[in-house]
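Structure record follows, encoded as structure tokens.
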Amino acid sequence: MKNMEKYKMGEKVLMKGNEALAEGAVRAGCRFFAGYPITPQNEIPEYLSWRIFEVGGTFIQSESEIAAINMIFGVAACGVRGMTSSSGCGISLKQEGISYIASAELPFFYANIIRGGPGLGNIAPAQSDYFQATRGGGHGDYRVIVLAPNSVTEMGNFPKLAYDLADKYRNPCMVLADGLLGQMMEPMEFNFDWVDPDKLPPKDYIVTGCKGRPRRIINTLHMIPSILEKHNWHLYEKYQRIEENEVRFEGCNLEDAEIVIVAYGTSARISTEAVIKGRKKGIKVGLFRPITLWPFPKKAINELADRVKKLLVVEMNMGQMVEDVEIAVSGKSAIHFLGRPGGSLPTGDEVLDKVEEILSKPASPERERGK
Amino acid sequence: MGRIYKKPVSMTKIAMRYCPGCGHSIAHRLIAEVIDELDIRERAVGIAPVGCSVFLDEYMDCDMIQVPHGRGCASATGMKRVRPDLIVFSYQGDGDLAAIGTAETIHAATRSENFTVIFINNAIYGMTGGQQAPTTMPGQKTTTNPYGREVKVHGYPIKVCEMLSALDGPIYLERVAVNNVPNVLKAKRAIKKAFQIQLDGLGFTLVEILSPCPTGWGVIPKKACEYVDEKMSKYYPLGVYKDLTKKK
Amino acid sequence: MRQEVIIAGFGGQGVIKAGVLLATSAMNEGKHCTHFPSYGAEMRGGTANCSVIISTDEIASPVVTEPDTVIAMNEPSLDKFEPRLKKGGLLIYNSSLISRKPKRNDIEVLAVPANEIAEKLGTVKCANMAVVGAYISKTKAIALESIKSSLPTVFYKLKQDFININKNALDKGSTYAQK
């Protein structure tokens, strides 16, 4: 994949998800990457190890995940668009730094190309890090903005969105994908033009040497509880603003749906197949796809539950987003769940079978556990 | 009459809250004096660690960032790589640099990242209440070595300058002390040299400072200063461990 | 039109690249396509495989469970993927390396001596192109010319000589399938 320069906005190019993400980050102004190899995200550092130098940036294969995130802390503190990426266990290691950066209110972008867990798990695609991503992930009260792409095109375009949201709210923003989205290739096109990092708006909170101004301190230690409480309420207000303004989702065949599948990322793609096949059979099935996992589209799902009485949540885990759907629905509709943990993928037929099974029974207010 | 002693410009007016006899305040002042003398305050960014000197950012009148425990060398790496014009120093204690942050330290050194590390070795964990440090000496009592450090149980201390001198990356490594006037003057010379090397763009520099901790050691300040000479500098000999400035 | 194909073989036989070539050519023809490789530990020494979908409609899931075509470059791949082939599907196998006959009788079978074809052209490395040639000749999923014109993009590191050898291998495979 050399000579990426020649591909212009809107032009189709066959790319691997991980490489599209890396190229998208470079085009969005990323000029520093640090990371540690872990499957299934290795194409990101491999790609950036040559690509980022072409645009005058720097790449470091760090000694550890922890070192990588703390390099990014320094980079973000200097006002440069930095990036790191990893998978599952590696993101766990980075959580310390992510918590600090969230508290220091510095913008940066990172990606978790999820593999099967817990523990070392395996390298197959999974969605088992939903809780970790949407609850902040590390210690303390904080949130990160979580974007869930479901195509290589979105893998390539979300880094720009992530950096813009990160800058806008001075908050970490992540892409949560999985081994399938990272490894698959399909034609993709960038929907944005090159970002010149030198032309981004100046930041008045970064450390650049105190020439001509009072010194700046980036600090996450607030020993006096009342001061930390004030800081946390300030973060809370920011998170409220994000929840109000940045919810993103997509619907398909919702208008007349008797049952709606709620799924994101790879499981949404697989569920789309079930929707297409189901519609051909005359089944009124639709798909609701959250694009931001945090902020979660609570309001939209709540409104959906006013008219759709059966929801099926499909995830590649034991049931994580389903809890957010339950909160959003507030008991208004029956929630069913189809989960495949451990790096296994459901098939479109499997999802459709479940849809037909649910439709054949009366709506029950209890969520069904298990497959 | 001319003023011969004053507060460095690179220090704030905030009174330091260190214990009487602690070496941190002397080390802070030496860094501030060096920054003044090299006229780099407006280009400097300091990194405060976790430990007693976590409040370094209050005392230095330059841009400062406080980073997670042990990660100073990683954050400094990121900063210097994207803003090579900055003068970056990472101030770290023994637990920070030689226990939880050992990997970050060694790898920044071996990459010869162009920043300066000021490493405070007081052979104990001060802030958390006097527990064993990676530099606690055999037989030395701490709150987690009530009978003295037993090497069969806890292993041997890490000699940071000796260890790093085995690497090809570091440009300048020196161990100094701040327990008496001649040593303080030598320490300042070492810090100044390290910053100058960074200004010249040569690479990784580290100054290890043997620093008294009367509270952690359970002795009066005068005894603590003597202890540095009698015990610490026997185990951790002072001197230059690496200096590649002449070769480069 | 929709074709789901799994290409499988040893690591090093170029099965992933063969899949990328199919997908690139499909894209250049204005078709929709996806390519999903096996990855990680499997890549080293074991069997490697990729799933390619070529379609005139948008593709929802890139996961292939019941392929229309299986291309098996070695025996372990035949063992693994023959049972998954759709009823009436096409099995292309590398008869240079696979001595046993396929077990199923509800499928179409094409034996291609891919290594022999490739060796006659000077390098066994283009065996993957021989089976690609056979595949498109049988299924007409993509035009041979589209495949040829996509070669320089996919094999951007290769010199023109080797691109030409690959073209020859595509031709030979294609002709072989017509016999």
Side-chain angles (χ1 to χ4, degrees), chain A residues 30-34 36 52 56-84 94-101 103-104 106 108 138-139 197 205-223, chain B residues 9-12 17 35 39-51 54-88 90 100-111 113 115 127:
Chain A
C30 175
R31 291 297 178 267
F32 181 92
F33 177 92
Y36 188 91
I52 207 160
T58 301
F59 166 91
I60 294 180
Q61 183 172 320
S62 58
E63 59 272 25
S64 69
E65 301 280 6
I66 298 169
I69 191 67
N70 285 289
M71 288 176 193
I72 300 298
F73 190 11
V75 167
C78 288
V80 172
R81 286 189 163 180
M83 173 193 174
T84 185
K94 289 188 202 289
Q95 294 299 348
E96 174 198 47
I98 296 168
S99 169
Y100 273 72
I101 300 172
S103 176
L106 295 174
F108 86 106
H139 61 285
Y205 51 85
I206 55 173
V207 286
T208 52
C210 60
K211 188 170 185 182
R213 59 162 172 79
R215 72 193 179 118
R216 289 178 186 151
I217 302 173
I218 294 172
N219 180 23
T220 65
L221 178 73
H222 308 283
M223 288 295 279
Chain B
V9 175
S10 301
M11 295 210 89
T12 61
R17 296 183 293 263
I35 289 175
D39 194 19
I40 52 174
R41 191 182 77 88
E42 293 179 333
R43 293 169 64 188
V45 179
I47 296 179
V50 172
V54 70
F55 298 112
L56 176 69
D57 54 12
E58 294 186 22
Y59 307 137
M60 300 299 296
D61 194 6
C62 62
D63 276 7
M64 293 292 299
I65 172 170
Q66 185 270 315
V67 303
H69 199 26
R71 319 301 174 211
C73 285
S75 296
T77 296
M79 296 166 92
K80 270 306 264 207
R81 289 291 186 107
V82 298
R83 299 239 190 248
D85 49 322
L86 294 180
I87 300 300
V88 175
S90 179
I100 202 163
T102 316
E104 285 81 354
T105 308
I106 290 176
H107 285 270
T110 201
R111 287 191 303 262
E113 299 290 347
F115 60 81
M127 184 179 237

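Each chain gets a letter, A, B and so on, in the order the sequences are listed, and its residues count up from 1. From a predicted model like this one, the values you see are computed outputs, not experimental measurements.
Within residues 78-88 of chain B, the residues approaching chain A closer than 4.5 Å by heavy atoms are, in numerical order, Gly78(B), Met79(B), Arg81(B), Val82(B), Arg83(B), Leu86(B). For residues 41-49 of chain B, heavy-atom neighbours of chain A at less than 4.5 Å comprise Arg41(B), Glu42(B), Arg43(B), Ala44(B), Val45(B), sorted by residue number.
Thr220(A) touches chain B through backbone and side chain together, each having a heavy atom under 4.5 Å away. The contact between Thr208(A) and chain B is made by backbone and side chain atoms together, counting heavy-atom distances below 4.5 Å. Neither the backbone nor the side chain of Thr110(B) has a heavy atom closer than 4.5 Å to any heavy atom of chain A. For Ala67(A), the parts sitting under 4.5 Å from any heavy atom of chain B are the backbone and the side chain alike.
Heavy-atom contacts from other residues, nucleotides or ligands closer than 6.0 Å to CZ of Phe55(B) number more than 12.
The shortest side-chain heavy-atom distance between Ile60(A) and Glu113(B) falls under the 4.5 Å cut-off. Counting heavy atoms from C-beta on, the side chains of Ser62(A) and Glu104(B) never come closer than 4.5 Å.
The choice from Val50(B), Ile65(B), Val54(B) that makes the most heavy-atom pairs within less than 4.5 Å of chain A is Ile65(B). If you tally non-hydrogen atom pairs under 4.5 Å between each of Ala108(B), Cys73(B), Ala103(B) and chain A, the highest count goes to Ala103(B).
Tested against Asp63(B), the residues Lys211(A), Arg216(A), Arg213(A) include a single side chain to side chain donor-acceptor pair (under 3.5 Å) partner, Arg213(A).
Among pairs with a residue in residues 64-74 of chain A, those fulfilling salt bridge (charged side-chain N to carboxylate O under 4.0 Å, His left out) read Glu65(A)-Lys94(A), at least two apart in sequence or across chains.
With hydrogens and angles ignored, the 3.5 Å screen pairs no side-chain donor or acceptor of Asn219(A) with any backbone N or O of Gln66(B).
Closest approach of Glu58(B) and Arg215(A) over heavy atoms only: O-NH2, 3.5 Å.
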What donor-acceptor contacts under 3.5 angstrom involve side-chain atoms of residues 69-81 of chain A, with partners at least two apart or in another chain?
from	atom 1	to	atom 2	distance (Å)
Asn70(A)	ND2	Ile66(A)	O	2.8
Arg81(A)	NE	Asp167(A)	OD2	3.4
Arg81(A)	NH1	Ala28(A)	O	2.7
Arg81(A)	NH2	Asp164(A)	OD1	3.2
Arg81(A)	NH2	Asp167(A)	OD2	2.8

